[in-house]
K.L.:
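Take this structure first; my questions come after.
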Protein chains: 2
Amino acid sequence: MNRHIENEAAVPEDDGVSDRRLSTRVRRGELLNENCPSRDFLRHLTSRWGVLVLIALLEKEHRFSELRRKVGGVSEKMLAQTLQTLEADGIVNRVSHPVVPPHVDYSLTPIGRDAALKVRDLADWIELNVDRFVDARNDSHLTA
Amino acid sequence: MNRHIENEAAVPEDDGVSDRRLSTRVRRGELLNENCPSRDFLRHLTSRWGVLVLIALLEKEHRFSELRRKVGGVSEKMLAQTLQTLEADGIVNRVSHPVVPPHVDYSLTPIGRDAALKVRDLADWIELNVDRFVDARNDSHLTA
DNA sequence: TGTGTGTACTAACTAAAGGAAAGTTTGGGA
DNA sequence: TCCCAAACTTTCCTTTAGTTAGTACACACA
């Protein structure tokens with residue numbers, strides 16, 4: 001059965017498959033539409049470990065185990081998975097030097113750097129305002 | 001209370017439990033540290049549905065089912081959970097009118113609005129650059 | 001009178017994701 | 001000889017996300 005909630009407002013005649021007309025289909029605010037392709041990139045860029053990896057890579061390129069040590073709390077599995085996702089998105093570069101022991105360098109692509117700067121802006125703002133957040137959280141508990 | 005950010009690099013002796021000395025423990029860039037309290041807010045603000053809820057609430061306050069319809073793809077359970085988390089963080093206000101059928105309004109708190117603006121900046125930038133992202137993703141597949 | 005609708009949830013359950021720890025491969029050092 | 005290091009992968013278990021069904025109450029329609 002058709003469980004999808006159709007958006008009666010838009011998409012007059014679209015088969016939902018045409019990737020070439022993205023620029024005409026997707027306009028600002030389209031993120032709220034379930035099928036918006038930006039959602040994937042947003043999800044990857046704002047993923048739990050993705051954010052932290054991007055911030056680390058802004059400073060300089062890193063090796064895998066360097067990132068592992070730098071990004072506190074990340075497991076090897078999740079770091080590998082996060083890096084693979086970001087690489088597939090064209091956000092990070094992976095350069096493997098075929099030596100023993102292995103040596104792999106991760107760095108940001110041009111668009112990856114732009115995106116990482118945006119992500120870091122948000123992260124920095126949160127850190128600078130963390131006290132306001134803590135206060136707001138406490139207030140909400142008192143009110144509740 | 002001195003909440004200023006310390007520049008000191010070390011903090012050599014810390015039991016990891018003292019919440020009162022956060023201001024001395026946490027400095028800019030501390031997000032990469034596993035215990036940084038900003039991480040929770042970052043996680044909540046950048047959560048899959050949190051981002052979209054914040055963007056929707058920037059436009060105007062919404063009722064629960066209004067959000068449900070607006071944020072495409074969200075389930076009632078996840079919407080409720082997301083809203084509860086954001087409320088507990090002091091990011092959204094919940095106002096329940098005791099009528100039948102139920103009527104509950106969700107809106108942004110002051111800090112929630114500030115945060116939502118930052119989040120929307122990032123989201124807008126991604127939407128505006130989605131074509132670049134798609135190209136970068138395709139390139140990475142060709143290279144790989 | 002009965003059936004159906006809308007609202008804001010919660011409970012129960014299943015599928016998916018996350019996380020801890022061990023295994024893999026290859027060469028070099030103690 | 002045994003162990004280690006790097007960059008993963010695999011296994012196993014826990015946590016989270018998602019789906020479905022259900023609730024209370026009022027109103028609309030037939």
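The sequence lines fix the lettering, A, B, ..., with proteins before strands; numbering per chain opens at 1.
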K.L.:
Would you say A:Leu31 and B:Glu127 make side-chain contact, with heavy atoms under 4.5 Å?
P.N.:
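They are in contact (side-chain heavy atoms under 4.5 Å apart), so the answer is yes.
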K.L.:
For a quick check under 3.5 Å, do A:Asp105 and A:His97 share a side-chain donor-acceptor pair by atom type?
P.N.:
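Yes, side-chain donor-acceptor contact under 3.5 Å.
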K.L.:
At under 4.0 Å, does any side-chain N or O of B:Gln84 touch on OP1 or OP2 of C:dT10?
P.N.:
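The answer is yes; a side-chain N or O of B:Gln84 sits under 4.0 Å from OP1 or OP2.
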K.L.:
What integer distance in Å separates A:Glu61:CD from D:dA7:P?
P.N.:
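My rounded result for the distance is 12 Å.
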K.L.:
Nearest of D:dA7, C:dT7, D:dG18 to any side-chain atom of A:Pro102?
P.N.:
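Between D:dA7, C:dT7, D:dG18, the one nearest the side chain of A:Pro102 would be D:dA7.
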K.L.:
Can you tell me if B:Gln81 touches the phosphate of D:dA17, counting only side-chain N or O atoms and a distance under 4.0 Å to OP1 or OP2?
P.N.:
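Yes, because at least one side-chain N or O of B:Gln81 sits under 4.0 Å from OP1 or OP2 of D:dA17.
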K.L.:
Let me know, please, whether A:Val100 or A:Lys77 comes out on the 5' side of the other along DNA chain C by nearest nucleotide.
P.N.:
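Taking each residue's closest nucleotide, the earlier one in sequence belongs to A:Lys77.
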K.L.:
Atom CG of B:Asp40 and atom P of D:dT16: how far apart are they, to the nearest Å?
P.N.:
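That distance rounds to 12 Å.
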K.L.:
Nearest-nucleotide wise, let me know which of B:Pro101 and B:Tyr106 is further upstream toward the 5' end of DNA chain C.
P.N.:
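On the 5' side of the pair lies B:Pro101.
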K.L.:
Nearest to the A:Ser75 side chain among D:dA7, C:dA8, C:dA20, which nucleotide is it?
P.N.:
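Of all the options, the side chain of A:Ser75 is nearest to C:dA20.
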K.L.:
Got B:Arg63 and B:Val104 here, is their nearest side-chain heavy-atom distance under 4.5 Å?
P.N.:
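With C-beta onward as the side chain, the pair stays apart.
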K.L.:
What's the CZ-P distance between B:Arg43 and C:dA17, to the nearest Å?
P.N.:
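To the nearest whole Å, that distance equals 18 Å.
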K.L.:
Can you tell me the distance, in whole Å, between the CG atom of B:Asp105 and the P atom of C:dA8?
P.N.:
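It works out to 8 Å between those atoms.
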K.L.:
Just the rounded figure in Å: distance from C1' of D:dT15 to CE of A:Met78.
P.N.:
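Roughly 12 Å, once rounded to whole Å.
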K.L.:
Under the criterion side-chain contact (heavy atoms from CB on, under 4.5 Å), which of A:Asp114, A:Leu57, A:Leu86 is the partner of A:Ile91?
P.N.:
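So, applying the side-chain contact (heavy atoms from CB on, under 4.5 Å) to A:Ile91 and each of A:Asp114, A:Leu57, A:Leu86, only A:Leu86 qualifies.
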K.L.:
Any side-chain N or O of A:Trp49 under 4.0 Å from OP1/OP2 of C:dG19?
P.N.:
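Checking A:Trp49 against C:dG19: at least one side-chain N or O falls below 4.0 Å of OP1 or OP2.
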K.L.:
Send over the distance from A:His97 NE2 to D:dA7 P, rounded to a whole Å.
P.N.:
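Nearest whole value for this atom pair: 10 Å.
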K.L.:
Whole angstroms only, please: what is the CD-P distance between A:Glu76 and D:dA6?
P.N.:
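The answer, rounded to whole Å, is 10 Å.
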K.L.:
What's the closest nucleotide to the A:Arg63 side chain, out of D:dA6, C:dA22, C:dA8?
P.N.:
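Selected nucleotide: D:dA6.
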K.L.:
Is there a side-chain contact between B:Val53 and B:Leu83 (heavy atoms, below 4.5 Å)?
P.N.:
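B:Val53 vs B:Leu83: side chains touch.
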K.L.:
Using atom NE2 of B:His62 as one end and atom P of C:dT7 as the other, report the distance to the nearest whole Å.
P.N.:
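These atoms are roughly 14 Å apart.
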K.L.:
Among the candidates C:dG18, C:dT10, D:dT9, find the nucleotide nearest to the side-chain atoms of A:Arg48.
P.N.:
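Of all the options, the side chain of A:Arg48 is nearest to C:dG18.
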K.L.:
Kindly point out which of D:dA7, C:dG19, D:dA17 is positioned nearest to the side chain of A:Arg94?
P.N.:
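The listed nucleotide nearest to A:Arg94's side chain is D:dA7.
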